[in-house]
Amino acid sequence: MSVMQYAVDYLKVKHIIVCGHYDCGGVRAACSAVDHGPPLQQWLRSIRDVRRLYKDVLNAIEDDEERHRKLVELNVVEQCLSVLKTGIVQKRRVRTGRHRLAPFPMPRVHAVVYDPSTGKLTRVNVDHPELLEDITSIYDLGAKNEILTPEEFVMELQ
């Protein structure tokens, strides 16, 4: 979290990339009924939560490898939401998104998946506004009260 805070608050990054990868051992481990022990077990729990949230979608996929690939993609989407739920990102997006000079609320969060078998990086199609609409009432941390002056906005971009 400290790395994200530094990137957002001090480096003023305009984009955050959340990147997963196919043939992920962590995703495969999260699909097994094995206790991997701490600290790995806590990390795998978030992937298992994604499995629980999307169990109907995943269970509809018969091919094991395709199901794995879909879980990797869904995990990336959920991790993007995790980034967007943080107060650090919310505050900056509100501060930059309400200004007339802003091309978009910053930072933008991008979901991508790397395929080690092909070397290709693919963007995962995410409808952020729809997803954010579903979670805003729960995760809105009240950052919307901050509006920047033009001078403050220019400082945000530097």
Side-chain angles (χ1 to χ4, degrees), residues 1-97 102-144:
M1 190 57 81
S2 61
V3 171
M4 189 174 355
Q5 181 177 12
Y6 182 75
V8 171
D9 288 345
Y10 296 98
L11 297 179
K12 311 286 190 214
V13 297
K14 294 179 177 83
H15 302 273
I16 294 173
I17 297 172
V18 176
C19 182
H21 62 92
Y22 296 127
D23 197 25
C24 177
V27 169
R28 292 198 194 285
C31 293
S32 68
V34 174
D35 181 359
H36 296 279
L40 186 57
Q41 192 60 32
Q42 287 78 10
W43 179 65
L44 296 177
R45 184 177 24 217
S46 67
I47 301 171
R48 287 182 172 141
D49 287 343
V50 174
R51 281 183 62 206
R52 178 182 48 81
L53 288 170
Y54 295 96
K55 69 180 177 187
D56 293 338
V57 171
L58 294 167
N59 288 340
I61 302 170
E62 291 183 25
D63 182 71
D64 288 342
E65 193 55 33
E66 285 303 311
R67 190 177 317 109
H68 165 81
R69 293 171 71 86
K70 185 65 172 180
L71 181 53
V72 167
E73 294 167 5
L74 292 170
N75 187 52
V76 167
V77 170
E78 288 298 316
Q79 297 317 311
C80 284
L81 284 175
S82 292
V83 169
L84 289 164
K85 291 174 190 174
T86 65
I88 298 160
V89 170
Q90 285 184 29
K91 183 176 178 180
R92 179 116 189 283
R93 285 178 58 85
V94 167
R95 289 173 60 103
T96 60
F104 52 83
M106 294 176 274
R108 275 194 170 168
V109 180
H110 305 276
V112 297
V113 176
Y114 175 69
D115 187 340
S117 69
T118 64
K120 291 188 179 180
L121 192 64
T122 305
R123 180 178 286 227
V124 178
N125 189 17
V126 180
D127 187 351
H128 281 89
E130 181 181 318
L131 291 173
L132 288 174
E133 188 175 310
D134 288 344
I135 66 168
T136 297
S137 65
I138 298 168
Y139 294 100
D140 183 355
L141 299 179
K144 61 183 158 242

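Everything numeric here is computed off the predicted structure, so don't read it as measured data.
Contact between Q90 and K85 at its shortest, heavy atoms only, is NE2-O, 3.0 Å. Here the closest heavy-atom approach between residue V72 and residue G20 is recorded as CG1-C, 4.4 Å. Between V113 and H21, the shortest heavy-atom contact is CG1-CA, 4.1 Å. The shortest non-hydrogen separation linking H15 to P107 is N-CB, 4.1 Å. For L71 against R51, the heavy-atom pair with the smallest separation is CD2-CG, 3.5 Å. Taking both residues in full, the closest heavy atoms of C19 and L121 are given as SG-CD1, 3.8 Å, listed atom of the first, atom of the second, then distance.
Remark: side-chain polar atoms of R92 are paired, donor with acceptor, to backbone N or O of V13 under 3.5 angstrom.
With rounding to the nearest 0.5 angstrom, the SG atom of C80 is 13.0 Å from the CZ atom of R108. With rounding to the nearest 0.5 Å, the separation of OH in Y22 from OG1 in T118 is 9.0 Å. The line from CG of L53 to CG of L74 is 9.5 Å long, rounded to the nearest 0.5 Å. Atom CE of M1 sits about 5.5 Å away from atom OG1 of T86, to the nearest 0.5 Å. Of the inter-residue distances, the one linking I88 atom CD1 with Y6 atom OH reads 14.0 Å to the nearest 0.5 angstrom. Atom OG in S2 sits 11.5 Å away from atom CG in D9 (nearest 0.5 Å).
A donor-acceptor pair shorter than 3.5 Å cannot be found between the side chains of Y10 and Q5.
Residues V83 and Q79 form no side-chain contact, since every pair of their non-hydrogen atoms from C-beta on lies 4.5 Å or further apart. Taking 4.5 Å as the limit, every side-chain heavy atom of V112 sits out of range of all side-chain heavy atoms of V76. Looking only at side-chain heavy atoms (C-beta outward), Y54 and E78 come within less than 4.5 Å of each other. Considering only heavy atoms from C-beta on, K70 stays 4.5 Å or farther from R67 through its side chain. Counting heavy atoms from C-beta on, the side chains of V8 and I16 come closer than 4.5 Å.
No more than 12 heavy-atom neighbours from other residues, nucleotides or ligands sit within 6.0 angstrom of CD on E62. Surrounding CG of N59 are more than 12 heavy atoms belonging to other residues, nucleotides or ligands, all under 6.0 Å away.
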### Task
Would you sort out whether L84 and R93 count as a side chain to side chain contact (heavy atoms under 4.5 Å, CB included), showing the intermediate values?
CA-CA 9 Å; L84 289 164; R93 285 178 58 85; 3.8 Å; yes

### Task
Would you sort out whether R45 and Q42 count as a side chain to side chain contact (heavy atoms under 4.5 Å, CB included), showing the intermediate values?
CA-CA 5 Å; R45 184 177 24 217; Q42 287 78 10; 3.3 Å; yes

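Checking D115, D64, D23, D63 one by one against R69, the salt bridge (charged side-chain N to carboxylate O under 4.0 Å, His left out) holds for a single residue, D115.
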